[in-house]
Engineer: 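Structure provided below as structure tokens; questions to follow.
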Amino acid sequence: PLFRSVRTQWKDSRFFFGKNKVMAVALGRTPEEERKENLHLVSEKLKGNVGLLFTNQDKAHVIDWFKKFKDLDYARAGASALFDVVLDAGPLDEFPHSMEPQFRQLGLPVTLKKGIVNLTEDYRICSEGDELTPDQAKLLKLFGHPMIEFHIKLKSLWCSGALTDLDK
């Protein structure tokens with residue numbers, strides 16, 4: 001979902017994600033195999049969780065856009081909590097009655113009154129600095145508390161035969 005918004009904003013460009021070895025072969029792994037001058041240098045950078053962006057946009061625009069782009073996302077288990085999240089006791093009107101067993105399983109003190117899920121006491125999901133458990137991460141998502149910042153880091157830029165290393 002997050003990357004979908006990036007693709008939408010760059011709809012005149014192409015993103016490629018896949019096996020790094022396959023992308024390296026497509027670009028050329030050696031000067032003899034490369035499709036354009038110095039593309040084999042890009043192939044050498046394809047390590048880890050990376051992708052390729054092909055665009056006709058200006059180099060300065062691309063760098064500036066990715067420096068500024070940030071979006072909030074829901075934390076996963078193992079991430080550090082950025083702030084305290086406490087739920088106040090009372091009805092949880094935004095959830096259907098069928099969620100009550102799931103809330104109990106996640107450790108929330110809930111009861112069902114007249115078909116409405118009620119939190120019987122204040123409940124602290126997490127405290128700032130806590131390492132989140134899978135249950136905490138699930139609760140944060142259910143209650144709409146994004147806790148991490150999604151961004152894309154440009155590592156290198158190839159333009160007209162010249163490779164610029166941005167990973168500093």
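Hydrogens, waters and symmetry mates play no part in the numbers below; they use all other heavy atoms, side chains included.
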Engineer: Using the rule given for salt bridge (charged side-chain N to carboxylate O under 4.0 Å, His left out), can you reason through Lys155 versus Asp165, listing the C-alpha separation, both sets of side-chain angles and the distance that settles it, and then say yes or no?
Structural biologist: CA-CA 6 Å; Lys155 291 184 158 218; Asp165 194 9; over 6 Å; no
Engineer: Is any side-chain heavy atom of Ile125 less than 4.5 Å from a side-chain heavy atom of Leu140?
Structural biologist: yes
Engineer: Please step through side-chain contact (heavy atoms from CB on, under 4.5 Å) for the pair Leu27 and Lys36, ending with a clear verdict.
Structural biologist: CA-CA 8 Å; Leu27 297 173; Lys36 295 263 187 179; over 6 Å; no
Engineer: Less than 4.5 Å apart, any side-chain heavy atom of Glu149 and any of Lys70?
Structural biologist: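 With C-beta onward as the side chain, the pair touches.
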Engineer: Look up atom OG in Ser43 and atom CZ in Arg29, then write down how far apart they are to the nearest 0.5 Å.
Structural biologist: 8.5 Å
Engineer: Measure across Ala137 and Ala75 and return the closest heavy-atom pair with its distance rounded to 0.1 Å.
Structural biologist: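 Scanning both residues completely, I find the closest heavy atoms to be CB-O, 3.5 Å.
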Engineer: What's the shortest heavy-atom distance between Phe83 and Pro146, and which atoms?
Structural biologist: CZ-O, 3.7 Å
Engineer: Check step by step if side-chain contact (heavy atoms from CB on, under 4.5 Å) holds for Arg4 and Arg7.
Structural biologist: CA-CA 5 Å; Arg4 191 176 304 146; Arg7 283 187 193 266; 5.6 Å; no
Engineer: So which atom in Ala77 and which in Thr133 form the shortest heavy-atom distance, rounded to 0.1 Å?
Structural biologist: CB-C, 3.9 Å
Engineer: What pair of heavy atoms forms the shortest contact from Glu37 to Trp158, and how long is it?
Structural biologist: O-NE1, 3.0 Å
Engineer: How far does CG of Asp135 sit from CG of Leu106, to the nearest 0.5 angstrom?
Structural biologist: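 Interatomic distance, Asp135 CG to Leu106 CG, rounded to 0.5 Å: 5.0 Å.
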Engineer: Side-chain contact, heavy-atom cut-off 4.5 Å: Leu139 with Tyr123?
Structural biologist: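 When only atoms from C-beta onward are counted, Tyr123 and Leu139 do touch, with a gap below 4.5 Å.
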Engineer: Judged by atom type as modelled, is there a donor-acceptor pair below 3.5 Å linking the side chain of Thr120 to the main-chain atoms of Val110?
Structural biologist: no
Engineer: State, with a plain yes or no, whether a side-chain heavy atom of Val85 is found less than 4.5 Å away from one of Met147.
Structural biologist: yes
Engineer: Is any side-chain heavy atom of Leu52 closer than 4.5 Å to one of Leu46?
Structural biologist: yes
Engineer: If you apply the rule side-chain contact (heavy atoms from CB on, under 4.5 Å), what do you find for Gln57 with Trp65, and how did you get there?
Structural biologist: CA-CA 11 Å; Gln57 296 287 330; Trp65 191 90; over 6 Å; no
Engineer: Between Phe150 and Tyr74 (judged by ring centroids, cut-off 6.0 Å), do the two rings come close enough to count as a pair?
Structural biologist: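 Not close enough - the centres of the two rings lie 6.0 Å or further apart.
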Engineer: For Gly161, does its backbone N or O pair with a side-chain atom of Asn38 as donor and acceptor, under 3.5 Å?
Structural biologist: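 Present.
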Engineer: Quick check: are there more than 12 heavy atoms from other residues, nucleotides or ligands sitting under 6.0 Å from CD of Gln105?
Structural biologist: no
Engineer: Please report the C-alpha distance between Phe54 and Trp10 in whole Å, then the side-chain angles of each, then the deciding distance to 0.1 Å, and finally whether the ring pair (Phe, Tyr, Trp, His ring centres under 6.0 Å) criterion is met.
Structural biologist: CA-CA 10 Å; Phe54 291 88; Trp10 286 87; over 10 Å; no
Engineer: Look at the side-chain heavy atoms of Ile, Leu, Val, Met, Phe, Trp and Tyr, link any pair under 4.5 Å apart, and say whether Phe15 and Val62 land in one connected group.
Structural biologist: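 Shared cluster, yes.
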Engineer: Quick one: does Asn118's side chain have a donor or acceptor within less than 3.5 Å of a partner on Leu112's backbone?
Structural biologist: no
Engineer: Can you tell me how far NZ of Lys11 sits from CD of Gln9, rounded to the nearest 0.5 angstrom?
Structural biologist: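 Nearest 0.5 Å value for the CD-NZ distance: 9.0 Å.
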Engineer: If two hydrophobic side chains count as joined below 4.5 Å and joins carry through other members, does Phe17 share a cluster with Ile152?
Structural biologist: yes
Engineer: Decide yes or no on side-chain contact (heavy atoms from CB on, under 4.5 Å) for Ile148 and Asp73, but give the supporting numbers first.
Structural biologist: CA-CA 5 Å; Ile148 62 169; Asp73 194 12; 3.9 Å; yes
Engineer: State, yes or no, whether a side-chain contact exists between Phe143 and Leu87 at a heavy-atom distance under 4.5 Å.
Structural biologist: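 Sidechains of Leu87 and Phe143: in contact.
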Engineer: Heavy atoms only: give me the nearest His97-Gly115 pair and the separation to one decimal.
Structural biologist: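 Taking His97 first and Gly115 second, the nearest heavy atoms are CB-O, 3.4 Å.
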Engineer: Shortest non-hydrogen contact from Gly78 to Glu131?
Structural biologist: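 Taking every non-hydrogen atom into account, O-CG, 3.5 Å.
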Engineer: With sequence neighbours excluded, tell me which residues meet salt bridge (charged side-chain N to carboxylate O under 4.0 Å, His left out) with Arg104.
Structural biologist: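 With sequence neighbours excluded, Arg104 shows a salt bridge (charged side-chain N to carboxylate O under 4.0 Å, His left out) to Glu100, given in chain and number order.
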Engineer: Between Asp122 (side chain only) and Ala89 (backbone N and O only), is there a donor and an acceptor less than 3.5 Å apart?
Structural biologist: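 Answer holds: yes.
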Engineer: Check whether Val22 and Phe16 end up in the same hydrophobic cluster, where Ile, Leu, Val, Met, Phe, Trp and Tyr are linked by side-chain heavy atoms less than 4.5 Å apart.
Structural biologist: no
Engineer: Side chains of Ile116 and Leu92, heavy atoms from C-beta outward: is any pair under 4.5 Å?
Structural biologist: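 A side-chain contact is absent here, since even the closest heavy-atom pair is not under 4.5 Å.
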Engineer: Mind checking whether Leu163 and Leu166 sit in one hydrophobic cluster, side chains of I, L, V, M, F, W, Y counted as touching below 4.5 Å?
Structural biologist: no
Engineer: If you round to the nearest 0.5 Å, how far is NE2 of His40 from CZ of Arg35?
Structural biologist: 13.5 Å
Engineer: Starting at OG1 of Thr30, measure out to CD of Glu44 and round the result to the nearest 0.5 Å.
Structural biologist: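 That separation rounds to 10.0 Å.
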Engineer: Does Ser13 use its side chain to pair, donor to acceptor, with the backbone of Thr55 at less than 3.5 Å?
Structural biologist: no
Engineer: Treating Ile, Leu, Val, Met, Phe, Trp and Tyr as nodes and any side-chain heavy-atom pair under 4.5 angstrom as an edge, say whether Val6 and Val50 lie in one connected cluster.
Structural biologist: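 No, it is not one cluster - the side chains of Val6 and Val50 are not joined through contacts under 4.5 Å.
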Engineer: Any side-chain heavy atom of Leu41 within less than 4.5 Å of one from Glu34?
Structural biologist: no
Engineer: Measuring from atom CE of Met23 to atom CG of Asn20, what distance do you get when rounded to the nearest 0.5 angstrom?
Structural biologist: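 One gets 4.5 Å once the value is rounded to the nearest 0.5 Å.
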Engineer: Return yes if some donor-acceptor pair links the side-chain N/O of Asp130 with the main-chain N/O of Leu132 below 3.5 Å, else return no.
Structural biologist: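 Checking the backbone N and O of Leu132 against the side chain of Asp130, no donor-acceptor pair under 3.5 Å is found.
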